[in-house]
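Heads up, the thing below is written out as structure tokens.
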Amino acid sequence: MVTTAVATLALAASSLIPASHATVPHSAATAPQFACKGPTCNGLTPEEGGCADNADTLDSRSLGSATVELRYKAACRAAWVRIHGPVGSIGTVANTANPQNTYETRIDRGSDAHSRMVNDMDLKAAACLTVPGSGTVCTDWK
């Protein structure tokens, strides 16, 4: 099942499966006074959920000079993708509960972006990066 889920996530990252949710621009929004947890984080930005500060990178991969990071906040039990690369790069994140339900982000300007979060409570998550003309690379499921 994990092999199938990784293949599905890679297909979603390469835009063969449309992402369920739109790109999330970086925002300077103030974090809430509370942090979401697990399922209540699903679909929120790390800032909206109070999960952005002191998050960990569980895994990362490079594709040329571009990188993809699987980000995680233990207190929130949520994960998201952060990408660094050229304009047009696309990052996706999914969890093992429903690997076809991905959150996607795209670098429209600058050199980095992050997605909305997926529930990672008693689940695993993985992230992928697609750089147009260079291919796709994915993290391990963590």
Side-chain angles (χ1 to χ4, degrees), residues 1-29 31-32 34-142:
M1 177 174 158
V2 172
T3 302
T4 302
V6 169
T8 301
L9 183 60
L11 288 174
S14 65
S15 300
L16 295 176
I17 297 173
S20 300
H21 302 282
T23 297
V24 179
H26 282 281
S27 69
F34 64 93
C36 62
K37 188 151 189 155
T40 64
C41 296
N42 203 52
L44 298 177
T45 67
E47 293 85 3
E48 289 168 343
C51 304
D53 292 339
N54 301 314
D56 295 312
T57 298
L58 295 182
D59 196 7
S60 66
R61 296 286 188 270
S62 295
L63 183 61
S65 62
T67 59
V68 59
E69 299 174 348
L70 177 62
R71 302 284 290 162
Y72 175 76
K73 176 77 172 207
C76 296
R77 306 283 300 271
W80 62 96
V81 61
R82 180 167 67 182
I83 59 173
H84 305 277
V87 169
S89 297
I90 299 168
T92 56
V93 65
N95 65 23
T96 52
N98 185 0
Q100 288 108 356
N101 183 22
T102 64
Y103 289 101
E104 181 177 283
T105 189
R106 177 185 166 99
I107 299 174
D108 292 323
R109 66 176 192 263
S111 61
D112 68 312
H114 69 272
S115 71
R116 294 185 178 275
M117 297 184 290
V118 294
N119 172 19
D120 201 22
M121 184 179 283
D122 302 322
L123 300 168
K124 290 185 178 184
C128 290
L129 165 69
T130 299
V131 178
S134 296
T136 300
V137 63
C138 298
T139 67
D140 288 336
W141 290 88
K142 300 278 182 171

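Only a predicted model underlies this, so the values are computations on that prediction, with no experimental measurement involved. The figures here come from the full heavy-atom set of this structure, side chains too, leaving out hydrogens, waters and symmetry mates.
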### Query
Going through the distances and angles, do Thr67 and Ile83 end up as a side-chain contact (heavy atoms from CB on, under 4.5 Å)?
CA-CA 6 Å; Thr67 59; Ile83 59 173; over 6 Å; no
### Task
Kindly determine whether Lys124 and Lys142 satisfy side-chain contact (heavy atoms from CB on, under 4.5 Å), including the steps that lead there.
CA-CA 5 Å; Lys124 290 185 178 184; Lys142 300 278 182 171; 6.0 Å; no
### Query
Can you list the steps and then say if Cys51 with Cys41 is a disulfide (SG to SG under 2.5 Å)?
CA-CA 9 Å; Cys51 304; Cys41 296; 4.2 Å; no
### Message
Would Val68 and Thr139 count as a side-chain contact (heavy atoms from CB on, under 4.5 Å) here? Give the steps.
### Response
CA-CA 8 Å; Val68 59; Thr139 67; 4.2 Å; yes
### Message
One pair to check against disulfide (SG to SG under 2.5 Å): Cys36 and Cys76. What are the steps and the verdict?
### Response
CA-CA 6 Å; Cys36 62; Cys76 296; 4.6 Å; no
### Task
Apply salt bridge (charged side-chain N to carboxylate O under 4.0 Å, His left out) to Glu104 and Arg116, showing your working.
CA-CA 7 Å; Glu104 181 177 283; Arg116 294 185 178 275; over 6 Å; no
### Task
Evaluate side-chain contact (heavy atoms from CB on, under 4.5 Å) for Val93 paired with Leu70, printing each intermediate quantity in order.
CA-CA 8 Å; Val93 65; Leu70 177 62; 4.1 Å; yes
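Nearest heavy atoms, Val131 versus Ser89: CG2-OG, 3.7 Å. Among all heavy-atom pairs drawn from Gly49 and Leu44, the shortest one is CA-CD1, 4.0 Å. In plain terms, the two heavy atoms of Thr130 and Thr136 that are nearest each other are OG1-OG1, 2.9 Å. The minimum heavy-atom distance linking Val81 with Gly91 is given by the pair CG1-C, 3.9 Å. The two residues Leu63 and Ser134 come nearest to each other via the heavy atoms CD1-O, 3.9 Å. Minimum heavy-atom separation, Trp141 to Ala94: CZ3-O, 3.7 Å.
Panel note: side chain Asp56, backbone Leu58; no donor-acceptor pair is recorded below 3.5 Å. No side-chain donor-acceptor contact under 3.5 Å links Lys73 to the backbone of Ala79. No donor-acceptor pair closer than 3.5 Å links the side chain of Thr92 to the backbone N or O of Thr102. Asp120 contributes no side-chain N or O that, together with a main-chain N or O of Arg77, makes up a donor-acceptor pair within less than 3.5 Å.
Within the model, atoms CD of Glu47 and CG of Asp53 stand 9.0 Å from one another, a figure rounded to the nearest 0.5 Å. A distance of 7.0 Å separates NE2 in His114 from OG1 in Thr105, rounded to the nearest 0.5 Å. Taken from CD1 in Ile90 to CG in Leu129, the straight-line distance is 9.0 Å, to the nearest 0.5 Å. Here CG of Asn42 is found 6.5 Å from CG of Asn95. Values are rounded to the nearest 0.5 Å. Note that CG of Leu123 is 4.5 Å distant from OG1 of Thr96, once rounded to the nearest 0.5 Å.
Residue pairs satisfying the salt bridge (charged side-chain N to carboxylate O under 4.0 Å, His left out) criterion with at least one member in residues 85-97, sequence neighbours excluded, are absent. For residues 126-139, no residue pair satisfies the salt bridge (charged side-chain N to carboxylate O under 4.0 Å, His left out) rule, not counting sequence neighbours.
Annotation: side chain of Thr57 is in contact with side chain of Arg82 (closest heavy-atom distance under 4.5 Å).
Salt bridge Arg61/Glu69: absent, no basic N to carboxylate O contact under 4.0 Å.
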